[in-house]
Trainee: 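I have a structure here, written as structure tokens, and I will follow up with some questions on it.
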Amino acid sequence: MPSAVALDRVGAIDAARKQVKHKCSDTTPCTFTATQEGNRWQVRVEFTRRASPEAKPMPYKGGHAIFVFDQGGRVVGRIEGQ
């Protein structure tokens with residue numbers, strides 16, 4: 001768990017990766033965007049799907065989640081895409 005001083009953009013993204021490791025892979029990669037809001041980090045995770053094994057992975061409607069982390073790296077909020 002990152003310490004309060006160590007949580008930065010990279011730490012917030014790493015914490016989000018742990019939350020969605022079951023949904024992100026080499027065949028369906030995810031993208032992560034972190035922004036700081038006061039003393040919390042919000043990380044938006046975009047999921048992808050493939051229409052076929054040969055197709056390029058593409059984002060899809062509702063295929064995202066937003067995680068809110070405190071400075072200790074704990075999830076204090078989560079919003080699922082719809």
Trainee: Quick check for you: to the nearest 0.5 Å, what is the distance between K23 atom NZ and C30 atom SG?
Mentor: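 Going from NZ on K23 over to SG on C30, the span is 8.5 Å.
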Trainee: With a cut-off of 3.5 Å and sequence neighbours excluded, list every side-chain donor-acceptor pair involving residues 31-45.
Mentor:
{"unit_1": "Q36", "atom_1": "NE2", "unit_2": "G38", "atom_2": "O", "d": "3.4"}
{"unit_1": "R44", "atom_1": "NE", "unit_2": "E46", "atom_2": "OE2", "d": "2.6"}
{"unit_1": "R44", "atom_1": "NH2", "unit_2": "E46", "atom_2": "OE2", "d": "2.9"}

Trainee: Around atom CZ of R49, are there more than 12 heavy atoms of other residues, nucleotides or ligands at under 6.0 Å?
Mentor: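 Incorrect, the count does not exceed 12.
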Trainee: Hydrophobic side-chain clustering at under 4.5 Å (ILVMFWY, transitive links): who's grouped with M58? Put none if nobody.
Mentor: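 M58 clusters with nothing; isolated.
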Trainee: Please list every donor-acceptor pair under 3.5 Å in which a side-chain atom of residues 75-82 meets a protein atom from a residue at least two apart or in another chain.
Mentor:
{"unit_1": "R78", "atom_1": "NE", "unit_2": "E80", "atom_2": "OE2", "d": "2.5"}
{"unit_1": "R78", "atom_1": "NH2", "unit_2": "E80", "atom_2": "OE2", "d": "2.5"}

Trainee: For the residue pair F67 and A16, what are the closest heavy atoms and their distance?
Mentor: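 Shortest heavy-atom separation between F67 and A16 comes out as CD1-CB, 4.4 Å.
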Trainee: Please say yes or no: joined through hydrophobic side-chain contacts below 4.5 Å, possibly via intermediate residues, are I13 and F47 part of one cluster?
Mentor: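 Yes, I13 connects to F47 through the hydrophobic network.
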Trainee: Where do A12 and F69 come nearest, in terms of heavy atoms and distance?
Mentor: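 Scanning both residues, the minimum pair turns out to be O-CE1, 3.8 Å.
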Trainee: Closer than 3.5 angstrom, by distance alone: can the side chain of T48 be matched with the main-chain N or O of P29 as a donor-acceptor pair?
Mentor: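 Yes: the side chain of T48 pairs with the backbone of P29.
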